[in-house]
Amino acid sequence: MRTLRAFAEFVLGSLRIVRRGNLLYWAWIAFLLALIVRGVLAYATQLEQGLVATSMRDQVSWAFYIGNFTFLVGVAAAAVLLVIPAYVYHWKPIKEVVVLGECLAISAIAMCGLFVTVDVGRPDRLWHLVPGLGRLNVPNSLLAWDVVVVNGYFVLNLLIATYLLFALYLRKKPDPRFFTPLVLLSIPWAIGIHTVTAFLYNGLAARPFWNSAILAPRFLASAFCSGPAVLLVVMQLLRRFTRFEIQDAAIWKVAELMAYAMGVNLFLLGAEVFKEYYSSTEHLAHMQYMFTGLAGHAPIVPYMWTAVGCSLVAFLLFLVPRTRRSPLTLNLGCFLIWAGVYIEKGMGLIIPGLTPDTLGEIYEYFPSRNELWVSAGIFSIGFLLFTLMVKVATPILLGEFQASVRAEQSGTEASLKPT
Amino acid sequence: MSHGCDAGATSGLSRRDFLCALAGCAAAAAGSCADPTHTPFFRDHLKELTPEDKARLLRELEQEFSARYGKPVEVALDSPRPGVEFAYALDISRCVGCRRCVHACVAENNQSRDPEIQWIRVLEMDKEKGVDFAHADPYYEADTVPRPGHFYVPVACQHCRNAPCVKTCPVGATWQEPDGIVVIDYDWCIGCRCCMAACPYGARHFNWGEPEIPAEQLNPKTHYLGNRPRPKGVVEKCTFCIQRVRAGLYPACVEVCPVGARKFGDLRDPDGEIRYILEHKRVFVLKSELATLPRFYYFFGV
Amino acid sequence: MPASRRSWIARTSTLALGAGAAGWSALLVLAAACRDDLGLAMVVQAEASATSAEQTSNFQVPPPPFSAGVFPCTDCHDPEIPVNTNRRELKTAHQEIQLRHDEEHRWCLDCHDAANRDMLHLAGGALVPFEESYRLCGQCHGDKYRDWRAGVHGRRTGHWDGEKSYLLCVHCHNSHAPAFQPIEPMPAPTPPRRTP
């Protein structure tokens with residue numbers, strides 16, 4: 001009961017914190033809210049007209065929404081890149097900032113859920129996926145598995161982050177018997193969510209571009225090299241604008257790990273390119289559509305080469321210690337790596353997988369204005385969630401937002417050890 | 001209108017009853033309860049409905065469609081005949097690419113005219129290249145067909161025995177019936193389009209917008225899993241004219257083909273056309289390397 | 001019955017049968033030799049029906065698609081008038097018929113019976129009515145005839161689970177120029193358009 005009251009105070013206190021901010025903060029919030037409103041309006045149009053408001057058609061039946069979904073699942077999985085050094089190798093410099101990774105994961109999964117919701121033709125029937133209420137086709141359907149693992153990951157991260165922050169708020173150390181297993185569980189689970197998402201694609205024999213055994217490793221490599229980029233930027237911002245002390249070592253280590261992941265990602269990309277171009281079967285058509293255009297159709301070619309360029313440059317910037325350590329090149333690298341992987345995994349995976357279609361037809365998909373507004377709205381929701389969570393987490397981590405002494409003195413559960 | 005909220009199930013509390021009680025059917029759902037233009041929001045999967053539930057479902061749909069199109073519409077749910085297994089054979093030495101099958105199918109199966117949906121796609125191919133999807137063209141225009149140097153391969157749902165679409169549906173909205181027809185429950189489909197990604201034959205089509213059928217062109221004899229009018233946001237495809245074949249008739253495409261290129265029948269009938277074709281003609285299937293085991297055979301009659 | 005009466009009946013019957021058979025054969029020979037219309041059609045047809053046992057028609061077909069006024073042929077073709085069986089280009093009637101059906105080796109009277117204009121005839125001379133013209137087509141096009149009997153050649157309508165319904169070959173194929181001509185296709189599908 002006392003814990004419940006303390007939690008209520010925690011929530012109320014958090015709400016008070018997010019209402020405090022400087023001009024820059026409020027400008028950012030206003031910007032996000034404006035995009036969210038615009039996105040909601042665009043979605044209302046889509047609900048009324050149907051998915052014809054997007055540019056998806058039978059020939060390219062998954063596109064921008066699912067591309068964003070795929071990218072964001074990777075971002076969510078990448079939170080584990082902080083967890084491993086912190087909890088497996090007990091590397092202190094990172095341990096303090098692990099919760100930020102979890103907050104990112106929560107925001108990313110929320111966006112994933114929203115992208116799927118706006119993509120399905122009948123969002124009013126999503127409850128059909130709930131086992132017990134509807135019918136979930138496990139073990140056969142990979143999408144059904146994806147629903148299970150992604151929602152599970154969301155709950156897991158929500159549990160971990162809330163528990164950790166609430167415990168710190170109460171000036172308690174999290175109980176390792178409860179907390180550590182959860183955190184360690186999040187590692188294979190993170191790998192799991194992205195593997196299942198990859199399997200969703202590579203299990204489809206009808207789509208030879210996706211039906212490749214290395215799709216799952218590629219997904220993981222590209223996730224690990226791009227997801228933490230946001231965290232690197234946020235950590236630097238926190239260091240600059242708050243009293244948060246984040247060691248350079250932490251930032252550089254994350255950047256170094258990202259470099260290795262990008263190396264693997266580029267290698268796997270090279271392996272795919274070799275296989276398609278050397279064997280030169282009919283399946284080469286998909287890669288040609290990406291990189292050189294096919295039969296006069298080349299709408300995504302410039303984007304693909306941009307992605308490759310960004311990824312290569314970012315790889316080098318993160319690999320070379322000097323550029324990794326210099327803030328300018330580090331942040332440039334963050335931006336480039338995010339852009340490169342976003343394009344490659346979003347548009348560069350879904351569109352070529354479906355173009356040409358199974359009967360050889362080429363439909364030049366490009367997102368409609370409505371699709372872009374809806375997507376911008378969803379990204380804004382995610383960024384808003386992340387902003388608010390970091391806004392609350394930072395004072396907690398700094399010890400500035402804690403339970404009142406009265407709450408502490410009135411006793412707490414025996415299981416929480418006092419700091 | 002009495003909605004499925006009355007706990008009429010004698011076999012105990014069904015999911016629907018529980019949910020209705022929980023949600024306070026009289027409150028928020030009262031709108032959809034009283035509104036005859038919507039099927040009950042909370043219902044179980046078709047395979048779990050009792051015969052009474054199914055009868056009520058069909059009646060509600062009939063009321064809805066009859067009201068919408070201004071003429072009596074019949075929605076049946078004929079069961080498969082025991083011991084029957086359908087198969088199809090298409091003679092690509094005879095198909096001339098006239099597309100009469102495409103339009104007969106559209107008329108029989110109540111496909112949306114705008115946005116345009118066509119379950120059959122006739123691909124024009126080059127004689128010199130043979131069956132080659134990468135260079136096929138469904139948009140050919142000609143004064144007359146067949147055009148010299150080309151042949152035609154119509155493609156629709158192959159009703160695969162090892163259907164990748166059935167495997168991949170997350171809610172079990174599509175399945176293969178005992179008589180071999182792969183069906184979709186349009187009222188259970190969530191429109192995720194996994195099945196469309198999984199289908200190697202481009203046979204599945206999505207209702208991107210609200211389907212439009214002029215009332216005078218609507219075929220009022222429908223089957224719940226076949227040609228009943230579909231809602232927006234769900235997937236649809238060829239059902240072997242389930243409303244016809246379960247009544248012993250041929251599919252519309254078979255009957256309309258002016259050159260007799262299309263054959264259909266019971267695979268288990270030793271005197272049937274399909275067994276004769278398998279015995280005397282050489283058949284092949286599309287994309288056999290994917291091991292989908294289609295029930296749709298292509299052959300060369302001449 | 002007294003024995004003498006029985007033997008009388010037996011003797012007379014045998015004589016009558018023998019005479020009949022002899023006369024019949026003579027008529028056949030005569031008919032075959034002259035190919036003249038001597039009103040023997042009915043006789044020959046009965047013979048033909050008896051010999052082509054396996055072709056008895058159990059194929060219910062719609063009536064043959066005659067052009068208006070052309071049948072029965074005997075309305076114009078007087079059985080009494082001798083037929084010119086020499087191959088030639090027809091000038092006074094039926095000129096609109098373009099023969100494109102092995103015309104190098106065949107002409108009208110290879111299918112149409114000269115003696116009985118309301119019938120067709122098989123290669124051996126047996127007569128077939130127009131309602132059974134598939135038997136004639138099947139003589140040369142045996143593989144298609146076999147397929148047609150199984151329901152595999154030709155347009156299929158009706159019930160897959162019941163009696164097959166058949167069409168005559170000539171319901172789809174013009175017997176004088178059977179090859180299908182190219183036809184106008186129905187409209188192509190609309191290519192997908194991007195939403196801006």
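In this text, all values refer to a predicted model and were calculated from it rather than measured experimentally. Letters A, B, ... are given to chains in the order of the sequence lines, protein chains preceding strands, and every chain is numbered from 1. Computed from heavy atoms alone, side chains included, the values below leave out hydrogens, waters and symmetry copies.
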Selection from B:V302, B:D271, B:D143 maximising heavy-atom pairs under 4.5 Å formed with chain C:
B:D143
Taking atom CG of B:D114 and atom OG1 of C:T190, what is their separation to the nearest 0.5 Å?
9.0 Å
Minimum-distance pair of heavy atoms, taken over all atoms of B:K263 and C:V152
CE-O, 2.7 Å
Are there residues of residues 131-142 of chain B whose heavy atoms fall under 4.5 Å of chain C's heavy atoms? If so, which?
B:P138, B:Y139, B:Y140, B:E141, B:A142
Examine whether an atom of B:V245 lies under 4.5 Å from a heavy atom of chain C, and if so say whether it belongs to the side chain, the backbone or both; otherwise answer neither.
both
Greatest number of non-hydrogen atom pairs under 4.5 angstrom with chain C, of B:G248, B:A261, B:G265, falls to B:G248
Within residues 91-100 of chain B, the residues sitting under 4.5 Å from chain C by heavy atom, in sequence order, are B:R94, B:V96, B:G97, B:C98, B:R99, B:R100
Any side-chain heavy atom of C:D147 sitting closer than 4.5 Å to one from B:Y276?
yes
Would you mind telling me which of B:P115, B:G301, B:G260 has the largest number of heavy-atom pairs within less than 4.5 Å of chain C?
B:G260
Heavy-atom pair count under 4.5 Å with chain B, highest-scoring of C:G154, C:P189, C:P192, C:G151:
C:P189
Using a cut-off of 6.0 Å, state whether more than 12 heavy atoms not belonging to C:E96 lie near its atom CD.
yes
Among B:D266, B:V122, B:I274, B:V256, which residue forms the greatest number of heavy-atom pairs with chain C at distances under 4.5 Å?
B:V256
Residue by residue, which of residues 144-159 of chain B have a heavy atom closer than 4.5 Å to a heavy atom belonging to chain C?
B:T144, B:V145, B:P146
Give the intermediate values and the outcome of side-chain contact (heavy atoms from CB on, under 4.5 Å) for residues B:Y250 and C:T157.
CA-CA 7 Å; B:Y250 283 105; C:T157 57; 5.6 Å; no
Which value, rounded to the nearest 0.5 Å, describes the distance between B:E273 atom CD and C:R156 atom CZ?
5.0 Å
Enumerate by number any residue of residues 81-90 of chain B whose heavy atoms lie under 4.5 Å from heavy atoms of chain C; in the absence of such residues, state 'none'.
B:R81, B:V84, B:F86
For atom CD of B:E216, is the number of surrounding heavy atoms from other residues, nucleotides or ligands below 6.0 Å larger than 12?
yes
Counting heavy-atom pairs under 4.5 angstrom with chain C, the leader among B:E255, B:E116, B:R262 is B:E255
Who wins among B:R275, B:K281, B:R244 for the most heavy-atom pairs under 4.5 Å with chain C?
B:K281
